[in-house]
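Notes follow once the structure below has been shown.
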Protein chains: 4
Amino acid sequence: MNRKICVVVTVRASYSRIKTLLLAIKTHPNLTLQLVVTGSILLEKYGCLLNQIKQDGFDNIIKVSNLLENENATAAAKTTGLGIIELASIFENIQPDIVVTIADRYETISAAVAASFMNIPLAHVQGGEVTGNIDEKVRHAVSKLADYHFVATDTARQRLIRMGELPDHVWHTGCPSIDLAFQIKNNRPMQFDYENCQSVLGKPGKTGRYLVVMHHPVTTENNAIRHQTDTLLQVIDALRLPTFWFTPNPDYGSSGVSERIKAFKMTNKNLMIYFLRNLNPELFLKLVKGCACLIGNSSTGIREGSFLGTPVVNIGNRQRGRERAANVLDVVHEPEAIMNAIQKQLDYGPYSGVCLYGTGNAGNKIADILANVELSIDKQITY
Amino acid sequence: MNRKICVVVTVRASYSRIKTLLLAIKTHPNLTLQLVVTGSILLEKYGCLLNQIKQDGFDNIIKVSNLLENENATAAAKTTGLGIIELASIFENIQPDIVVTIADRYETISAAVAASFMNIPLAHVQGGEVTGNIDEKVRHAVSKLADYHFVATDTARQRLIRMGELPDHVWHTGCPSIDLAFQIKNNRPMQFDYENCQSVLGKPGKTGRYLVVMHHPVTTENNAIRHQTDTLLQVIDALRLPTFWFTPNPDYGSSGVSERIKAFKMTNKNLMIYFLRNLNPELFLKLVKGCACLIGNSSTGIREGSFLGTPVVNIGNRQRGRERAANVLDVVHEPEAIMNAIQKQLDYGPYSGVCLYGTGNAGNKIADILANVELSIDKQITY
Amino acid sequence: MNRKICVVVTVRASYSRIKTLLLAIKTHPNLTLQLVVTGSILLEKYGCLLNQIKQDGFDNIIKVSNLLENENATAAAKTTGLGIIELASIFENIQPDIVVTIADRYETISAAVAASFMNIPLAHVQGGEVTGNIDEKVRHAVSKLADYHFVATDTARQRLIRMGELPDHVWHTGCPSIDLAFQIKNNRPMQFDYENCQSVLGKPGKTGRYLVVMHHPVTTENNAIRHQTDTLLQVIDALRLPTFWFTPNPDYGSSGVSERIKAFKMTNKNLMIYFLRNLNPELFLKLVKGCACLIGNSSTGIREGSFLGTPVVNIGNRQRGRERAANVLDVVHEPEAIMNAIQKQLDYGPYSGVCLYGTGNAGNKIADILANVELSIDKQITY
Amino acid sequence: MNRKICVVVTVRASYSRIKTLLLAIKTHPNLTLQLVVTGSILLEKYGCLLNQIKQDGFDNIIKVSNLLENENATAAAKTTGLGIIELASIFENIQPDIVVTIADRYETISAAVAASFMNIPLAHVQGGEVTGNIDEKVRHAVSKLADYHFVATDTARQRLIRMGELPDHVWHTGCPSIDLAFQIKNNRPMQFDYENCQSVLGKPGKTGRYLVVMHHPVTTENNAIRHQTDTLLQVIDALRLPTFWFTPNPDYGSSGVSERIKAFKMTNKNLMIYFLRNLNPELFLKLVKGCACLIGNSSTGIREGSFLGTPVVNIGNRQRGRERAANVLDVVHEPEAIMNAIQKQLDYGPYSGVCLYGTGNAGNKIADILANVELSIDKQITY
């Protein structure tokens with residue numbers, strides 16, 4: 001018996017974090033992968049991830065263009081609503097046995113709502129974690145709609161059980177994002193090939209220390225993001241180190257980030273900061289692994305960074321409450337605090353990696369469970 | 001300072017249960033009511049509740065036609081998606097300070113998603129309860145999106161706190177549905193005026209015992225509903241008692257109910273069963289209060305019925321887990337079991353009412369809290 | 001070289017009228033059929049045409065549930081909008097070379113708008129005709145979006161050319177609906193097998209004269225439809241002839257029709273009127289061919305009726321301006337006028353059929369043109 | 001009797017061209033303006049026109065965020081569909097007596113479809129003209145949905161009548177865009193105040209010759225736009241004249257334009273080209289009036305330019321077929337052709353303005369007709 005597993009992938013980060021699961025489903029003898037991509041993945045301005053996904057060997061990809069121009073908060077709501085409508089049509093036509101949704105973005109809840117109302121068993125990856133931002137609400141709401149949970153940490157599993165989820169349906173598999181990190185950490189030279197990366201990136205450079213910046217708007221603090229971006233640009237500029245700065249996901253506030261970056265580029269000729277939209281997942285992880293410090297408020301530093309031992313300066317509330325290893329220094333969004341923390345991390349150097357978010361075979365574990373778990377949509381809180 | 005409170009009302013039951021809150025907001029010196037009605041309320045085939053709402057004195061009602069033809073599961077998902085899109089536009093234009101959403105239908109989650117993504121504080125009424133059906137998933141997901149919770153029972157409050165909601169933001173106000181029941185129970189003669197009801201209903205009749213049936217499809221058991229409806233029709237038909245049978249809300253499966261009722265009417269001339277779409281809330285509660293037995297799987301028997309002391313036969317899994325008083329007999333969906341339970345209830349007669357779901361002033365309590373609570377959208381699970 | 005031809009089919013009538021084209025595309029060596037069905041075809045309450053389409057041998061059918069509850073005018077607009085959104089996604093995924101849209105319903109313009117904006121060549125069948133109702137506006141608007149026109153009559157062709165369409169892109173192929181009528185008229189006994197039809201319809205009966213009624217709401221005259229339906233029911237009831245009455249398409253006003261039919265059935269026990277939702281196209285045409293008179297405002301009487309020689313009483317403005325043969329008597333919507341016209345037609349008996357709307361091979365002609373026409377989306381009015 | 005006139009405004013150009021009509025409706029004793037703004041008007045990246053509209057004294061503006069990220073052709077279709085859905089809701093709530101839609105963009109047809117299906121009389125401004133691009137199809141389709149036509153030229157009126165529109169419902173009022181041009185031409189000094197414009201634009205400069213560029217992607221030729229933009233940038237760069245270059249509307253292809261402009265700015269330090277998103281309508285027209293040559297494929301050069309006598313170089317097919325005065329030189333999209341034509345225009349200098357598109361009081365004329373025309377939705381082609 002062959003099960004059709006529909007995975008809905010929405011942004012750069014989701015793809016990186018689910019890629020090993022996609023491969024595990026694709027190659028599993030009892031599973032058929034139905035890959036749906038939505039949102040920014042389809043757009044060049046966010047790096048045209050679709051082409052990378054095709055190059056990774058996935059085909060028959062179903063596309064859903066649902067992203068509204070995202071300057072205002074209305075757009076996130078409408079993109080979600082549009083996503084539900086479109087995914088409902090797709091589910092009606094491809095009839096998946098299980099739908100898999102990832103993490104805590106608005107597209108995540110689109111897939112969750114559509115599958116739930118259509119009586120399709122729903123699996124959620126990366127539930128049970130804690131953060132700030134709208135992500136916190138969305139993540140737990142999706143958990144409450146989901147029938148199966150594949151979590152990254154034991155704490156996450158305990159949290160979901162405490163929230164009333166059935167213990168038998170919460171599997172501590174680790175996060176598939178660590179699978180890729182594992183391959184990079186063990187199978188390839190530890191010395192990050194900066195020259196080669198540079199040639200890939202189309203810029204001259206030389207081996208040496210470099211920074212990575214990933215800073216997203218906190219949608220619940222929208223007014224602050226322009227000022228925060230200016231501050232961070234000044235701090236990074238002052239450090240005079242080669243820096244790879246990833247522009248943010250399409251969220252309420254991200255156009256503010258783009259605008260401030262554009263303004264900065266107009267008036268500052270710091271040729272050491274390279275602004276990037278996207279990298280393929282493996283190259284991205286190598287970049288993270290090799291960097292002297294990762295700065296911003298992305299979960300990458302906390303999640304993959306814990307495994308890779310990357311020094312991280314985590315700014316503000318966006319990751320508030322997420323489990324973290326010793327590699328993370330938390331700071332408020334003030335220039336001195338950020339600068340001091342980066343200096344500390346530069347002085348400290350690489351950390352020992354720990355297996356907080358997984359041990360490297362989550363994709364296969366999840367695929368096996370999806371192939372064997374009893375199909376069920378009848379769920380009730382345990383208390 | 002005047003706060004704009006936007007309440008989104010979607011079906012017959014939601015309006016009955018929120019009417020006293022709507023009045024309390026409307027008359028509150030520091031609150032302005034923004035009333036949005038969606039879904040079946042706008043349609044004649046579901047009883048055209050809109051006219052009743054206008055007759056109750058509400059005006060400037062904003063209408064959202066979003067209900068897809070609801071034969072299949074896809075329709076519920078798409079109606080939800082469409083609801084989000086449309087409510088987002090409305091919220092953008094009317095700029096509410098707080099959005100209030102009720103219970104656990106698909107329209108409930110539309111309002112919740114739209115408000116959450118738009119950074120508008122969200123209040124949820126009737127959270128923390130337990131049932132079967134898709135409602136169970138939706139209710140808890142909405143709680144996870146909501147910033148303020150107004151719950152009917154202390155158990156519900158404890159459950160939400162256990163789910164990780166901030167205790168300070170979970171108020172045990174009782175359910176506004178009991179407010180109306182309270183008015184009927186105390187301010188009006190206990191003898192239900194059946195003759196008068198009949199004249200209102202446009203049918204001949206005489207004072208005496210009668211039944212009320214409210215049986216909804218369980219969307220997660222869709223295949224069963226036609227057979228269940230046939231069974232229930234046969235049982236009720238055999239009892240030869242005057243019966244008020246309410247046709248169900250627009251849900252996946254409700255067209256199956258309508259079809260079986262139509263088939264029954266074609267071949268059976270039981271003139272003692274009156275099929276109704278709707279009644280105004282007060283008349284409806286009088287009908288429930290006076291009936292010899294309420295049969296089906298509606299929450300009305302368990303919720304308002306507990307206060308009114310109505311004998312109830314609750315069938316199947318839809319209300320599984322919901323707190324109930326002594327007035328409820330639970331049975332599986334088999335004709336003998338249903339018949340026996342109805343006979344028991346007819347023999348027993350009225351129960352003493354209990355204040356399980358409220359004491360009669362929830363609307364005012366909630367309005368006062370909405371007027372004074374600190375506005376906040378920054379929320380995090382407590383563990 | 002193989003061209004992908006996407007045909008969007010939406011209601012009972014559209015399928016009947018396009019079926020031979022679908023078969024011609026399916027069997028054409030250089031064409032691949034991409035069949036999309038939307039709207040009422042997917043719903044049981046409109047006769048579940050989808051199953052018939054499958055039985056006719058079509059597979060890989062793409063489904064689009066987009067029909068809103070259609071009591072009010074808003075629903076038609078929203079159904080159109082939703083159709084555009086969903087068809088855009090489908091076109092993006094299946095990449096048709098040409099999209100074919102039929103006649104003049106709201107779903108027709110959904111396909112036309114989606115294809116036009118997506119730079120996909122658009123073919124329109126049944127353009128250039130004239131009627132009343134919103135259909136009149138929609139039909140000509142679709143013609144203005146379409147790149148290729150396949151028309152039923154030479155008058156229609158001349159009208160499109162006069163409207164500024166490129167003569168080389170307007171083909172007078174005849175209407176595919178006549179193809180089916182042709183098969184029935186010539187390849188089968190002229191004596192309509194009423195007994196057999198009855199057994200198919202599950203009702204007792206005997207060979208003899210019978211009527212067919214097809215009366216749709218005129219959406220631009222919505223207030224009138226309930227009264228019109230009552231009038232027509234009284235006239236038909238008084239005639240005491242076996243009658244097949246087809247309930248209308250999902251349009252603004254059709255719920256009013258259903259309501260009046262239901263009320264009629266409650267109070268009148270005229271067992272000679274059989275209300276039908278649907279029939280397969282061939283059986284339907286036999287029924288039309290054999291009837292003593294077809295009454296209402298459907299284009300069937302005028303179009304297929306002209307070929308089959310069916311006596312028709314056409315009521316009101318809906319078909320105002322459409323070319324017609326001698327078989328049609330036009331009357332205003334008044335009981336005496338309708339009754340007198342029916343009596344005249346019953347006295348006259350069958351007419352000689354004429355080839356006004358086609359000669360029976362439109363499907364093949366259109367398929368051949370679709371296979372060979374130069375693909376083009378660059379169009380300009382000719383004056 | 002007071003009529004509610006709902007005008008749907010969508011982009012920079014539409015607002016400029018309808019502003020005098022908006023004012024005329026607003027101040028008309030028998031009309032109430034219901035102003036709905038959608039699409040790019042709400043977005044900062046397109047110049048945040050909403051603030052300007054407010055500054056012009058319009059209030060109670062209803063906002064509809066419906067613009068999808070517009071890199072691909074799917075987005076235009078979906079934006080149209082979403083627009084229909086949202087406008088249907090708005091029309092249902094504000095109940096306009098007449099809806100006014102402008103020109104030929106996708107938002108234009110959204111308003112037209114929603115109003116038509118909802119039986120609201122529809123007025124169309126700028127119908128009957130001829131161009132290339134998808135605009136050509138959309139414009140004529142909207143005319144076929146519209147009940148009243150307010151056209152700019154007598155040729156446009158004759159064309160609509162030839163297309164079968166009722167002559168009594170086609171008014172040659174002139175284009176409201178000329179009203180603003182008229183005010184600028186006659187009431188203010190002919191000498192364009194370049195210094196002052198510069199200070200408004202926040203850039204240093206001095207009085208002298210300057211160019212204006214307005215070049216939009218042709219959505220039906222999408223692949224060409226990047227190359228075309230590069231070519232045009234090189235030509236303009238070589239001229240070494242101060243240039244105001246307006247970035248395009250949100251259309252399929254406009255992100256390609258943005259990308260090429262960004263690339264140009266990275267590598268070329270031509271500080272004489274100022275890229276603009278937007279200007280208020282009056283300042284914009286002064287800029288056009290004063291420029292030595294307007295280059296591109298916008299209708300502004302042909303329409304307002306004819307009245308203002310602006311020398312124009314019109315490139316490619318987008319304006320193919322539109323009526324034009326002597327001020328326009330048409331060229332293919334090749335660098336030498338463009339350069340030669342600009343040189344010719346620079347040598348020639350300003351043209352005498354002509355009243356091809358209006359005489360300056362279209363807004364008032366249209367408002368008066370809207371106040372007095374018989375309300376009607378029943379329309380039929382005249383032949």
Side-chain angles (χ1 to χ4, degrees), chain A residues 72-89 91-92 106 109-110 112-120 122 128 130-134 136-147 158-159 162-164 219-222 252 317 320-321 377-381 383, chain B residues 72-89 91-92 106 109-110 112-120 122 128 130-134 136-147 158-159 162-164 219-222 252 317 320-321 377-381 383:
Chain A
N72 51 29
T74 319
K78 291 194 179 181
T79 299
T80 305
L82 198 49
I84 294 171
I85 290 171
E86 306 238 30
L87 290 171
S89 270
F91 295 163
E92 186 176 21
Y106 39 86
I109 202 169
S110 292
V113 169
S116 300
F117 281 115
M118 295 178 73
N119 291 338
I120 305 167
L122 175 70
V130 178
T131 65
N133 204 11
I134 179 71
E136 168 76 1
K137 290 179 178 174
V138 169
R139 186 185 319 106
H140 299 316
V142 171
S143 290
K144 282 298 167 186
L145 295 171
D147 300 287
Q158 294 309 322
R159 190 176 287 115
R162 200 163 159 193
M163 284 169 64
T219 61
T220 47
E221 309 169 352
N222 181 56
Y252 178 27
N317 287 323
R320 177 186 60 182
I377 55 163
D378 187 22
K379 173 185 159 180
Q380 195 168 39
I381 196 164
Y383 44 80
Chain B
N72 51 31
T74 319
K78 291 193 179 180
T79 299
T80 305
L82 198 48
I84 293 170
I85 290 171
E86 305 238 31
L87 289 170
S89 269
F91 295 163
E92 186 176 22
Y106 40 85
I109 203 169
S110 292
V113 169
S116 300
F117 281 114
M118 294 177 73
N119 290 338
I120 305 168
L122 176 70
V130 178
T131 64
N133 204 10
I134 179 70
E136 168 76 2
K137 291 179 178 173
V138 170
R139 186 184 319 107
H140 300 316
V142 171
S143 290
K144 283 298 167 188
L145 296 172
D147 300 288
Q158 294 310 322
R159 189 175 287 115
R162 201 164 159 191
M163 284 167 65
T219 60
T220 47
E221 309 170 352
N222 180 56
Y252 178 26
N317 287 324
R320 178 186 59 182
I377 54 164
D378 187 22
K379 173 184 160 180
Q380 195 169 39
I381 197 164
Y383 44 80

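Throughout, protein chains are lettered first and strands after them, A, B, ... in sequence-line order, and every chain is numbered starting at 1.
- Ranking B:Met118, B:Lys379, B:Gln158 against chain A, the residue ahead of the rest is B:Met118, based on heavy-atom pairs under 4.5 Å.
- At a 4.5 Å heavy-atom cutoff, A:Asn317 makes no contact with chain B through either its backbone or its side chain.
- In terms of heavy atoms, B:Thr79 sits closest to B:Ser110 at O-OG, 4.3 Å.
- Every residue two or more places apart in sequence or in another chain that forms a side-chain hydrogen bond (donor to acceptor under 3.5 Å, both in side chains) with B:Thr74 is listed here: A:Glu92.
- Both the backbone and the side chain of B:Ile381 come within less than 4.5 Å of a heavy atom of chain A.
- Of the atoms belonging to A:Val138, heavy atoms from both backbone and side chain fall under 4.5 Å from chain B.
- Between chain B and the residues A:Leu87, A:Ile120, A:Thr131, the largest count of heavy-atom pairs under 4.5 Å involves A:Thr131.
- With respect to chain B, the highest number of heavy-atom pairs below 4.5 Å among A:Ile134, A:Ile109, A:Ile85 belongs to A:Ile85.
- At least one side-chain heavy atom of B:Met163 sits under 4.5 Å from a side-chain heavy atom of B:Lys144.
- With a 4.5 Å cut-off on side-chain heavy atoms, A:Leu122 and B:Lys137 do not count as touching.
- When heavy atoms are compared at a cutoff of 4.5 Å, A:Gln380 approaches chain B by way of both its backbone and its side chain.
- Under the ring pair (Phe, Tyr, Trp, His ring centres under 6.0 Å) criterion, B:Phe117 pairs with A:Tyr106, sequence neighbours left out.
- Ion pairing between A:Arg320 and B:Asp378 holds under the 4.0 Å rule for side-chain N and carboxylate O.
- Heavy-atom distances place both the backbone and the side chain of A:Leu82 under 4.5 Å from chain B.
- Looking at B:Ile377, both its backbone and its side chain come within 4.5 Å of chain A, counting heavy atoms on both sides.
- Shown here for A:Val142 and A:Ala112, the closest heavy-atom pair between the two residues is CG1-CB, 4.0 Å.
- In the model, B:Asn133 has a side-chain atom that pairs as donor or acceptor with a side-chain atom of B:Thr219 under 3.5 Å.
- Contacts with chain A were tallied for B:Lys78, B:Arg162, B:Arg159; B:Arg162 has the most, counting heavy-atom pairs under 4.5 Å.
- The contact between A:Ser89 and chain B is made by backbone and side chain atoms together, counting heavy-atom distances below 4.5 Å.
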